[in-house]
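Scroll down for the structure; my scribbles are underneath it.
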There are 2 protein chains.
Amino acid sequence: MWLIMLQLRDLPTQEVLQRFAQRYPAADVTAIASFLMLLRVATDLSIALDACLSKHDLLQGRWWVLILLMREADLTSTPSTLAEKLGVTRATMTGLLDGLEQVGLVQRVAVPEDRRSVKIRLTAAGQAKLDAVMPDYYTRLRLCMQGLSESQRNDLQSILGVIDQGMSAWDFNQ
Amino acid sequence: MWLIMLQLRDLPTQEVLQRFAQRYPAADVTAIASFLMLLRVATDLSIALDACLSKHDLLQGRWWVLILLMREADLTSTPSTLAEKLGVTRATMTGLLDGLEQVGLVQRVAVPEDRRSVKIRLTAAGQAKLDAVMPDYYTRLRLCMQGLSESQRNDLQSILGVIDQGMSAWDFNQ
DNA sequence: ACATTATAGTTAGCCAGCTAATTATGTCAA
DNA sequence: TTGACATAATTAGCTGGCTAACTATAATGT
């Protein structure tokens, strides 16, 4: 999961939004404000995550790969599957795996049944790296979210679900 | 505002989350699920935005610059200010402005009072470009958010505000 | 069986961010 | 007034995504 986005430090004032809405009648002021704030908070979270991971000599892309491998019962997957789950191209996955293999966190293993394919296995060192990173990450995330009640967390997830549904509208007219 | 992020197509199942929480006691399952969904929806939105802009031959970074200029009463700003508002380095802003000036959407104007500085002005062509893009963007955004009631939009914004507050927790222990 | 097509992974080269260093100008204090 | 420092913008070079092209292997249809 890669989120690369400008930070938009400067959200528009209500006044500016009104001015834009006047020029562009299609504008829905509360939709725009919600959208911008969503992008901004997500970006801030992603940047904070980067900072946390960098203290453990990890980049976000490589870290997600380790997590995806740990999710598997046999700590094993293939480059194609990992690429699809992470939403990156297979070419990008090759690069991520090169980096991880070079520092010994994963291992490429030949697959005799299909000689085109390769198995990727989380090594003991890879698991150890996750055991070092995850408690730190989870602790920060807990603190970051502790201001939200359980019902607010549910609200957030259902609201995000509605937006996700609505996303199909983006592509309506091509 | 730049959001560059992996897509994380594959959110963890409840079962996987439980397994991770067992290994890492610091894990807060509902916090993690909310966080991941937030990142994912924001990424999807950012990608959809890219797609919309590319139909108008614009990249997200350059488009935000045009918007920031249009927010100004005199359609004018400086590279430093724009960089700060967009959350990018001044070096990056130089590149964005090079691109925009080359296609005539903005103009660099010398500042006699401080010869180190340069004014950036939105040109008529730049305004025309926005007039072409914004209705399209606003229409898609309206459709995308139309499933949310006014109170849900308020909920979303206040929830995001709480998370933003909580973000300071990330850096608590260095 | 064998030519066509599909699939897995990699390589080569592009692109738009980034950091660090550079140039030019302005500010301030001894 | 001049030396030290601060600020504005730029340049040079790095990085980690991307697309497109390539190699190797497997599957499929006549």
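By convention in this document, chain letters (A, B, ...) are assigned in the order of the sequence lines, proteins followed by strands, and residues within each chain are numbered from 1. For the numbers below, each heavy atom of this structure counts, side chains included, while hydrogens, waters and symmetry mates do not. Quick caveat, the model's predicted, so the values are computed rather than measured.
Sequence neighbours left out, the pairs with a member in residues 143-160 of chain A that pass salt bridge (charged side-chain N to carboxylate O under 4.0 Å, His left out) are A:R153-B:D28.
Using a 4.0 Å heavy-atom cutoff across all strands shown, A:T89 reaches at least one base atom of the nucleic acid. Looking at heavy-atom distances under 4.0 Å, A:R90 makes contact with a base. Nucleic acid contact for B:T94: base, since at least one base atom lies under 4.0 Å from a heavy atom of the residue.
When distances run from any side-chain atom of B:D114 to the nucleotides C:dG26, C:dT10, C:dC18, the shortest one goes to C:dG26. The side chain of A:S117 lies closest to C:dA8 when the candidates are D:dA9, C:dA8, C:dG26. When each of C:dA16, C:dG26, C:dG9 is scored by its nearest atom to the side-chain atoms of B:L59, the top-ranked nucleotide is C:dA16.
Between the CD1 atom of B:I47 and the P atom of D:dG17 there is a distance of 13 Å, rounded to whole Å. Straight-line distance from the CG atom of A:L96 to the P atom of D:dG16: 9 Å, rounded to whole Å. Whole-Å rounding puts the A:D98 CG to D:dG17 P distance at 12 Å. Rounding to whole angstrom units, CD of residue B:E101 and C1' of D:dT10 are separated by 13 Å. The CG-P distance, from B:L97 to D:dA8, rounds to 15 Å in whole Å.
Within 6.0 Å of atom CZ in B:R121, 12 or fewer heavy atoms from other residues, nucleotides or ligands are found, so the atom counts as exposed in its surroundings. Within a 6.0 Å radius of CD in B:Q165, other residues, nucleotides and ligands contribute 12 heavy atoms or fewer.
Using cut-offs of 30° and 60° on the angle between ring planes, the pair B:Y138 and A:Y24 is tilted.
Nucleotides of DNA chain D nearest to A:G95 and A:R115 differ in position, and the one nearer the 5' end is that of A:G95. Ranked by how close their nearest DNA chain C nucleotide is to the 5' end, B:A91 and A:S80 are led by A:S80.
Contact check, A:T92 against D:dC18: a side-chain N or O comes under 4.0 Å of OP1 or OP2.
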